[in-house]
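What you see below is based on every heavy atom in this structure, not just the backbone, and it leaves out hydrogens, waters and symmetry mates.
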Amino acid sequence: MTILVTGATGTVGRHVVDQLIRRGQKVRALTRNPLQANFPADVEVVAGDLSDPSTLDSALVGVSGMHLITTGAEYTPLQTGPELVELAVKAGVRRVTVLWNGEKGPFERAVEASELEWTQLQAFEFMANARKWADSIRSEGLVRDLFGGARIAPVHEADIGRVAAVALTTDGHAGKIYTLTGPESLSVQDKVRIIGEVIGRDIRFVESSEEEEREQMRRMGVQEDAIDYVIRWHLNPPKSAYTVLSTVEEVTGQKPYTFAEWVKMNAGYFM
């Protein structure tokens, strides 16, 4: 049994690969740039592009489960969901996890309408998003952000990987939509304080303008429509975004990581 992880070199994908290996699974990692994948030798790395389903025929051979992402290059929603689902079903894939991109679209609807055993993973914010402050923390000792007081319950990417691995390898998760959070509801200023405490440095918070926030996301390669969505969403987040849930522990049997633990694991970005 082989499990195909799409977006395998991404923020969440690497954790899905790692967690599946820990569970003794045979993993095939799909990436557009295999030479840059840098996975352990027991991971089979294959080339493919979800925006071009014709590149996936060989990647799907012998695959029983898949972890799917729903965005392509530059964070744009994939429009190939129906084709990918059809290919997966024809290849004999039985079970999939789907990492949503913030709103349900054609990709998710295609999966739900299929005969696949699907599980959707909804995370409102990755703890890794804090890496966008790394340069200014290192060089200036400050964080500029538009959303200083906006609260959210971010989740460690490793916890998403753990939930995905459980859903792909055990029964009882088909048809479930799992909303995943960490154990705390935090504002941007809370996160800045925690980073400073962990790395032992005073970090100032400076509230940026909307245009400055837009420009920062443009430099990250985010398209304008996605920038509009992110800014609107963060300025008025839904209650579900900052409500702490116990889903990670219920599914995995382990408590989710705190943001302070994430910073300790990733302190090198900020020092």
Indicate, with yes or no, if [Y] and [X] share a hydrophobic cluster defined by side-chain heavy-atom contacts under 4.5 Å among Ile, Leu, Val, Met, Phe, Trp and Tyr.
{"X": "L235", "Y": "M217", "answer": "yes"}
{"X": "V143", "Y": "M220", "answer": "yes"}
{"X": "V98", "Y": "W100", "answer": "no"}
{"X": "I203", "Y": "F259", "answer": "yes"}
{"X": "V188", "Y": "M127", "answer": "yes"}

Side-chain ([X]) to main-chain ([Y]) donor-acceptor, under 3.5 angstrom:
{"X": "K176", "Y": "G172", "value": "yes"}
{"X": "T6", "Y": "L30", "value": "no"}
{"X": "Q79", "Y": "P77", "value": "yes"}
{"X": "T181", "Y": "A153", "value": "no"}
{"X": "T70", "Y": "F107", "value": "no"}
{"X": "T97", "Y": "A167", "value": "no"}
{"X": "S185", "Y": "T243", "value": "no"}
{"X": "R201", "Y": "I137", "value": "yes"}
{"X": "E261", "Y": "T258", "value": "yes"}
{"X": "Q254", "Y": "E249", "value": "no"}

Sub-4.5 Å side-chain heavy-atom contact between [X] and [Y]:
{"X": "I195", "Y": "W133", "value": "yes"}
{"X": "E224", "Y": "R218", "value": "yes"}
{"X": "E197", "Y": "V192", "value": "no"}
{"X": "T119", "Y": "V96", "value": "no"}
{"X": "F147", "Y": "I152", "value": "no"}
{"X": "D57", "Y": "L87", "value": "yes"}
{"X": "L4", "Y": "L60", "value": "yes"}
{"X": "S51", "Y": "L78", "value": "yes"}

What's the separation between atom [atom1] in [X] and atom [atom2] in [Y], rounded to the nearest 0.5 Å?
{"X": "Q189", "Y": "F205", "atom1": "CD", "atom2": "CZ", "result": "5.0 Å"}
{"X": "R204", "Y": "L142", "atom1": "CZ", "atom2": "CG", "result": "5.0 Å"}
{"X": "L20", "Y": "R162", "atom1": "CG", "atom2": "CZ", "result": "13.5 Å"}
{"X": "R28", "Y": "F39", "atom1": "CZ", "atom2": "CZ", "result": "14.0 Å"}
{"X": "Q122", "Y": "T179", "atom1": "CD", "atom2": "OG1", "result": "4.5 Å"}
{"X": "T71", "Y": "L99", "atom1": "OG1", "atom2": "CG", "result": "7.5 Å"}

Looking at [Y] and [X], is any side-chain nitrogen of the basic one under 4.0 Å from a carboxylate oxygen of the acidic one?
{"X": "E117", "Y": "R94", "value": "no"}
{"X": "R95", "Y": "D171", "value": "yes"}
{"X": "K26", "Y": "D42", "value": "no"}

Query - Candidate pair V163 and T252, rule side chain to side chain contact (heavy atoms under 4.5 Å, CB included), full reasoning - result: CA-CA 6 Å; V163 172; T252 68; 3.8 Å; yes

Nearest atoms (heavy-atom pairs only) where [X] meets [Y]:
{"X": "A123", "Y": "I160", "result": "CB-CD1, 3.8 Å"}
{"X": "V45", "Y": "A37", "result": "CG1-CB, 3.8 Å"}
{"X": "V16", "Y": "A164", "result": "CG2-CB, 4.1 Å"}
{"X": "E213", "Y": "L146", "result": "OE1-N, 3.3 Å"}
{"X": "G81", "Y": "A110", "result": "C-CB, 4.0 Å"}
{"X": "A226", "Y": "V222", "result": "CB-CG1, 3.6 Å"}

Requested in this report: Mind telling me whether Y178 and H173 have parallel, tilted or perpendicular rings, with 30° and 60° as the class edges?
Outcome: perpendicular

Report task. Could you label the plane-to-plane angle of the H156 and H15 rings as parallel, tilted or perpendicular, counting under 30° as parallel and over 60° as perpendicular? Result -> perpendicular

Cut-off 3.5 Å, side chains only: do [X] and [Y] have a donor facing an acceptor?
{"X": "D190", "Y": "S187", "result": "yes"}
{"X": "E140", "Y": "S136", "result": "no"}
{"X": "S209", "Y": "R214", "result": "no"}
{"X": "T169", "Y": "R23", "result": "yes"}
{"X": "T31", "Y": "N33", "result": "no"}
{"X": "E157", "Y": "W262", "result": "yes"}
{"X": "Q120", "Y": "E112", "result": "yes"}

Report task. Begin from the C-alpha positions of D18 and R14 and carry the test salt bridge (charged side-chain N to carboxylate O under 4.0 Å, His left out) through to its verdict. Result -> CA-CA 6 Å; D18 177 63; R14 286 192 177 276; over 6 Å; no

Report task. Taking the six-membered ring of Y242 (Phe, Tyr or Trp), confirm whether the NZ or CZ of R151 is under 6.0 Å from its centre and within 45° of its axis. Result -> no

Requested in this report: Before giving the answer on side chain to side chain contact (heavy atoms under 4.5 Å, CB included), spell out for R32 and L50 the whole-Å C-alpha distance, their side-chain angles and the decisive distance to 0.1 Å.
Outcome: CA-CA 9 Å; R32 292 191 298 270; L50 293 181; over 6 Å; no

Report task. Applying side chain to side chain contact (heavy atoms under 4.5 Å, CB included), run through W118 and L68 and close with a yes or a no. Result -> CA-CA 10 Å; W118 56 264; L68 290 167; over 6 Å; no

Requested in this report: Please lay out, stage by stage, how L84 and L56 fare under the test side chain to side chain contact (heavy atoms under 4.5 Å, CB included).
Outcome: CA-CA 9 Å; L84 292 171; L56 303 182; 3.1 Å; yes

